[in-house]
Each structure stands twice: as structure tokens, then as C-alpha cells.
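Reading through the C-alpha cells given below for one structure.
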Amino acid sequence: MPQDLQDLHQKASEAMAEGEREKAIELYNKILENAPGDEIAHGQLMDLYFDTDKFKYYLMRANYNVVNQKIEHAINDTKKALNIDAESIEARVKLARLYRISNKNLKAIDEFNKIIELEPKYRDGYIELIGLYTLEDAIESAVGIAKKASDEFPDDEELKNILAKLYYDTGSYDLALGVVTDNFLKTKILLSDGKNDEAKAVLDTIHPKEKEQKAAYNLLLAEYFYNKNEFDNALNIINEYVNIMGPDAVSFQMKALCFEGKEDGFNSSVCFGYMKKAQGKNDEAIVEFNHAHSLNKKDKNVLTELASLYMGLGEKYTAMDFWNEIYELDGDIHAKEVLGEFYFAEGDYKMAEKYGKVKEGRASSDMPDKNYAEATEEDEGLIEKIISFFTKGK
């Protein structure tokens, strides 16, 4: 424990010992400002309120149970506090958030609706409620709350943009444009609505400085060129985005769409393959790379991706087929080593030898074409013994 917290604990203990209850409460609350999970402070506050304020006692006990990860107990304690004061915003917010972290979203929604009904100016309540409705895929309900929030806070630009984004998600572009204030979002809405020239005019007013803003700007500019069927320009801009953020699923998807627009099926499938791989959907990535392979049997990058993906899925024999194609393509040393190690581990020493992997002490040159599973030394009298056995008694 840091020295400053130790000092506060010491002072709080002294205050309690001297009967200075309010001072002790103040000090323990100060400790929690710096260390919200301090179990001792929570426990002491709980004790300090036990005889004097049952409402705060139950809230403190709820906090103590949260620290100890006893969420159901914390929910019950918060309900007991609400039985004492049903209109407490503090208690209702606590209960709503406890429901949320317990994945009881519908109950959390009910509580947040009660909160904004009791206190229409509680801004965070609207935002959390919108988030919960969105999680539950109740977008129309989220729109309704966002409209109510914008009416309650007419000068709040963040709330306007939240509403605009919800309108955008439901395809209500005109309504979105009626409230949006953020130029990045406005450009996105205009591009989706097919108003490309208007979007470009807004985009030209944006002068990004930060890394994330530059990346977002490039995505929008690439989308503009894509909408105008200027696919090469779009690809160049996507490369600028990649230089900033690195390759990701979004950049691969946009490249795939551009190549699709250029009627380049091979590169489109390759980029869709990388997109699926970046999303962790390796089964779907294999489908895309196989399609690319069907269009160009000699592309080494595609062969390597297929070999690696199949290996990752445990389909090692299929993977070796692709490593073999890579080896036959240009004698790739790594492919040769992979194949040699694989067949050696499988006990197929003849195939392992083909790729330069032989048993220790044996050279591959001038060696008879023979499987190492055979005996290295023959019994010179074996043939005679066999003949003798089968001719015995004749």
C-alpha cells in the first residue's frame, strides 16, 4: 500500500477511536477516491453507517460485496436501500449498473428508464440506456431515447451525433443529416446516400492532424473514389491508410471491393481471404484463398496461405499438398524442410529422403531407393532357412 494511503488509514482509524465519525467518513471516502477497491475502507464505512443511516449502510454494504465479487448480494443490498428511498438516483444507477454487469440487460433497461423519468437531466442515463437498447438490437427504442435526450439537451452535439448515427444505422439518411454536426459522420452519411459531390465538399473542409483522424479521412476519401468508380485512386488511398494503421480487415475489404470493381477476381478473392483471416474466420478465409488458387495455380503467396491455414486447422495432409506445390514451383527451401520433417515424423522415410531428410548417419546420395523401415542388416542364412522349411519332408 502506498505511503499516502497508509497515512490516510492511520488518520481515519484515529478519528474513529476519538469518536470523530464525520471526519472518519471523510477520510475513508478520500481513500476510495484514490483506491476504489480498498476493502478496509468499504468495510469501515459500512460500520460507520450501521447505527445512523440504514440507507447509506446498505449502499456501503453493496459496495463491499462488489469489491468481493458478490454481485447478487450487492443487488439485494441496493434493493434494500431503495426500499428506504425509492427515488434515490444514486441507488437506482447502482442497481442498473449491477444488472448490466450481470448481463441482465432488460432489468437494467427498466432501471435506467425509471432514472430518466425521475431525473430528466441525468445525461449519463440516456447514454447508457441507448447503449443497452443497441446491445439488445432494439434500434428503434434506442432512437426514441436519443431523440428524448436531444430534446432535453438541445445544445449537446455529442447527443445529436449519437442520434444521427442511429438514424444512419436504420437507413434514415435525411433524418441523420438533419441533426449531425460531426463532419466525419456527415461525410459517411452523404456517401452512403449516394451524394458523392456533397460528401467531397464536406471532406475538403476536414484537415486531420491526429493519427486516427488521418486514417478515418483516408477511408472516407477511398470510399468517395470507389463510389465514383475510380478504383485505382481508391486503392492508392487505401494504401495510405495502411501506412498509418497497418493492414486490417477494413483495408482488405475495401481493396477486395475495388478489385471486384476492376473485374479482377483473383486479387479480389485474395483480399477477401486476408479480410476473413484478419477477422479470425479461417474456414471462410480458406474458401476465398481456394477460389483465388483456382484462378491462378502458380501464386506462391496464396499457396503459402492455404498451407498455413490448413495446418492451423489440423488438416496436415492437405497442408502438405500445398507445401509440395510450393516446392515444385521454385524449389523453396522452407517448403522442402517442412515436407522433409513432416514425412520423417510420419515414418515415411522414403518420402522424407526425397526432400533431403535422412536418418542420422546415412547420406542421401548414392543410397538405394529403399524404405528405412526395412532391416538395415539381412540375416545371410535367412533364405536357406526358408527354403529348408518349405521343402522339409519332401
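A distance of 11.0 Å separates NZ in Lys211 from NZ in Lys214, rounded to the nearest 0.5 Å. Summarising the geometry, atom CG belonging to Asp299 is positioned 10.0 Å from atom CD1 belonging to Ile326; distances are rounded to the nearest 0.5 Å.
The shortest side-chain heavy-atom distance between Leu191 and Asn227 falls under the 4.5 Å cut-off.
The distance between the ring centers of Tyr274 and Phe289 falls below 6.0 angstrom. You'll find the ring centres of Phe266 and His291 outside the 6.0 Å limit. Checked against a 6.0 Å centroid threshold, the rings of Phe344 and Tyr349 count as neighbours. Here Tyr167 and Tyr173 keep their ring centres 6.0 angstrom or further from each other. Separation of the Tyr317 and Phe342 ring centroids falls under the 6.0 Å cut-off. Less than 6.0 angstrom separates the ring centroid of Phe322 from the ring centroid of Tyr310.
Of the charged side-chain nitrogens involved, at least one lies within less than 4.0 Å of a carboxylate oxygen, so that Lys195 and Asp193 count as a salt-bridged pair. Salt-bridge formation is not detected for the pair Arg92/Glu87: no Lys NZ or Arg NE/NH1/NH2 atom is positioned less than 4.0 Å from an Asp or Glu carboxylate oxygen. Remark: Arg100 engages Glu128 in a salt bridge, criterion side-chain N to carboxylate O under 4.0 Å. A salt bridge links Lys188 to Glu223: at least one charged side-chain nitrogen sits closer than 4.0 Å to a carboxylate oxygen.
Environment of NZ in Lys186: sparse, with no more than 12 heavy atoms of neighbouring residues, nucleotides or ligands closer than 6.0 Å. More than 12 non-hydrogen atoms from other residues, nucleotides or ligands lie less than 6.0 angstrom from NZ of Lys121. By the neighbour-count criterion of 12 heavy atoms within 6.0 Å, atom NZ of Lys56 is sparsely surrounded, having that number or fewer from other residues, nucleotides or ligands. More than 12 heavy atoms of other shown residues, nucleotides or ligands fall within 6.0 angstrom of atom NZ in Lys104. Residue Lys54 qualifies as enclosed at atom NZ: its count of foreign heavy atoms under 6.0 Å is above 12.
When every heavy atom of Leu129 is checked against every heavy atom of Asn113, the shortest pair comes out as CD2-OD1, 3.2 Å. Nearest heavy-atom pair across Ala234 and Cys258 is CB-SG, 3.6 Å. Summarising the geometry of Ser88 relative to Leu82, their closest heavy-atom pair is O-CD2, 4.0 Å, with the distance given to 0.1 Å. Contact record, Asp156 with Arg123: OD2-NE, 2.6 Å, taken as the closest heavy-atom pair.
Looking at Tyr355 and Asn324, their side chains do bring a donor and an acceptor atom within 3.5 Å of each other.
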Should Tyr133 and Ile130 be marked as a side chain to side chain contact (heavy atoms under 4.5 Å, CB included) after you check the CA-CA gap, both sets of side-chain angles, and the distance that decides it?
CA-CA 5 Å; Tyr133 275 129; Ile130 290 165; 5.9 Å; no

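Listed for the Asn282 side chain is no donor-acceptor partner under 3.5 Å among the backbone atoms of Ala285.
With a 6.0 Å cutoff to the six-membered ring centre and a 45° limit on the axis angle, Lys228 does not count as a cation-pi contact of Phe231.
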